[in-house]
There are 2 protein chains.
Amino acid sequence: MLDRFEKFLNERGLRLTTQRQLVVRTFLDQEEHLSAEELYLLVKKKAPEIGYTTVYRTLKLLAEADLAHARNFQDGFARFEPAHYMGHHDHLICRKCGSITEFTNEHIEVMQEKVAREHGFKITDHTLDIYGVCRECR
Amino acid sequence: MLDRFEKFLNERGLRLTTQRQLVVRTFLDQEEHLSAEELYLLVKKKAPEIGYTTVYRTLKLLAEADLAHARNFQDGFARFEPAHYMGHHDHLICRKCGSITEFTNEHIEVMQEKVAREHGFKITDHTLDIYGVCRECR
DNA sequence: TCAGAAAATGAAAATCATTTTCATTTGTTC
DNA sequence: GAACAAATGAAAATGATTTTCATTTTCTGA
């Protein structure tokens with residue numbers, strides 16, 4: 001994935017710097033949905049001189065490269081997820097522990113298409129966030 | 001609906017002031033999903049002395065009273081909708097004109113319950129936002 | 001190899017939506 | 001009408017994110 005990022009950067013005359021590498025590596029290592037701040041803190045552990053700004057900038061680039069997606073759940077800040085496997089997916093968010101679980105359901109997607117069609121609406125994308133209490137917290 | 005708001009306020013020793021009435025009336029008149037700023041501007045037309053703060057505070061109270069809901073689409077600020085008819089519903093958001101259409105689909109709800117059950121997850125609520133291009137804009 | 005240009009960095013300032021503070025006004029109660 | 005609670009509006013504060021800017025790093029071509 002780093003190579004894809006490098007390709008993206010090179011294509012527009014940008015550079016894969018040491019800092020960017022570190023941010024991306026740290027980001028990919030975590031399989032969780034990190035906020036910019038969380039990622040910044042993780043990165044800072046390895047390289048204390050790295051600035052908040054660089055983390056933000058790198059996340060933005062990753063999103064532009066379509067290698068990461070910004071998600072807004074209901075806590076007032078963005079969380080980022082790598083555009084790994086599962087092209088598209090939805091989320092189950094636990095209100096107690098904050099855990100975020102991904103899922104896909106073909107059936108729901110089909111029904112959405114149906115609803116959209118009935119409204120003469122052409123879907124480009126969607127967000128389905130289900131809030132509640134996860135197995136562990138019940 | 002104003003009477004329900006008044007009841008809510010009275011129950012906790014608060015008052016339905018002239019300003020609050022005006023904000024709520026203006027809010028209910030619009031059948032659209034207004035942002036705080038949009039509502040503020042509308043209110044200001046009728047009573048220029050009303051402050052931004054009062055609009056925010058009133059919206060917050062309405063939300064606490066469960067007479068309005070704050071929604072976060074992807075434009076960085078909240079939009080509010082009256083908790084009118086349709087207890088729960090989802091949204092079709094046009095990326096071109098910004099129009100927001102509400103819909104309900106029992107089938108999708110049922111499938112969500114199914115997915116949740118499979119994950120041992122207990123749903124409290126959810127958000128389904130479908131983005132794309134509406135009939136008028138295609 | 002070196003000069004010059006382009007891009008990147010980090011700190012600090014700026015932004016934007018929203019909330020809080022605070023002095024003042026208004027409404028309620030006794 | 002005095003005393004007190006609640007509401008208001010302006011301005012300041014907040015918190016996430018972005019921009020600015022001076023400095024540093026990297027690349028490119030002579």
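All values reported here derive from a predicted model rather than from experimental measurement. Below, chains carry the letters A, B, ... as their sequence lines are ordered, and counting in each starts from 1.
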N/O-N/O pairs, protein side and nucleotides 25-30 of chain C side, under 3.5 Å:
none

Tell me, do A:Thr127 and B:Leu128 make a side-chain contact under 4.5 Å, heavy atoms counted?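 They are not in contact (no side-chain heavy atoms under 4.5 Å apart), so the answer is no.
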
Looking for any heavy atom pair under 4.0 Å, which part of the strands does [X] touch: base, sugar-phosphate only, or nothing?
X       : answer
A:Phe77 : sugar-phosphate
A:Glu49 : sugar-phosphate
B:Arg20 : sugar-phosphate

Aromatic plane relationship, A:Phe5 with A:Phe8 - under 30° parallel, 30 to 60° tilted, over 60° perpendicular: parallel

Check the angle between the aromatic planes of A:Tyr56 and A:Tyr52 and answer parallel, tilted or perpendicular using the 30° and 60° thresholds. parallel

Steps toward side-chain contact (heavy atoms from CB on, under 4.5 Å) verdict (B:Glu38, B:Glu32): CA-CA 10 Å; B:Glu38 287 164 346; B:Glu32 288 168 58; over 6 Å; no

Relative to the 5' end of DNA chain D, which residue comes earlier, A:Phe80 or B:Gly51, by the nucleotide with the nearest heavy atom? B:Gly51

Between A:Arg57 and B:Leu14, which has a closest nucleotide on DNA chain D that is more 5'? B:Leu14

Salt bridge flag under 4.0 Å for residues B:Glu113 and B:Arg117: no

Cationic N near anionic O, under 4.0 Å, B:Glu64 to B:Lys60: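 Not counted as a salt bridge, because no side-chain N and carboxylate O are separated by less than 4.0 Å.
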
I need the CG-C1' distance between A:Asn72 and C:dA17, as an integer number of Å. 13 Å

Students should find that the nucleotides of DNA chain D closing off the region near chain B, any atom under 4.0 angstrom from a heavy atom, are D:dA5 to D:dA11

Under a single-linkage rule joining Ile, Leu, Val, Met, Phe, Trp and Tyr whose side-chain heavy atoms are separated by less than 4.5 Å, which residues share a cluster with B:Ile93? B:Phe73, B:Ile100, B:Tyr131

When you match A:Thr53 and A:Leu61 each to their closest nucleotide on DNA chain C, which lands nearer the 5' end? A:Leu61

Looking just at side-chain N and O atoms, do A:His33 and A:Glu81 make a donor-acceptor pair shorter than 3.5 Å?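 Note: A:His33 and A:Glu81 side chains meet the donor-acceptor criterion.
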
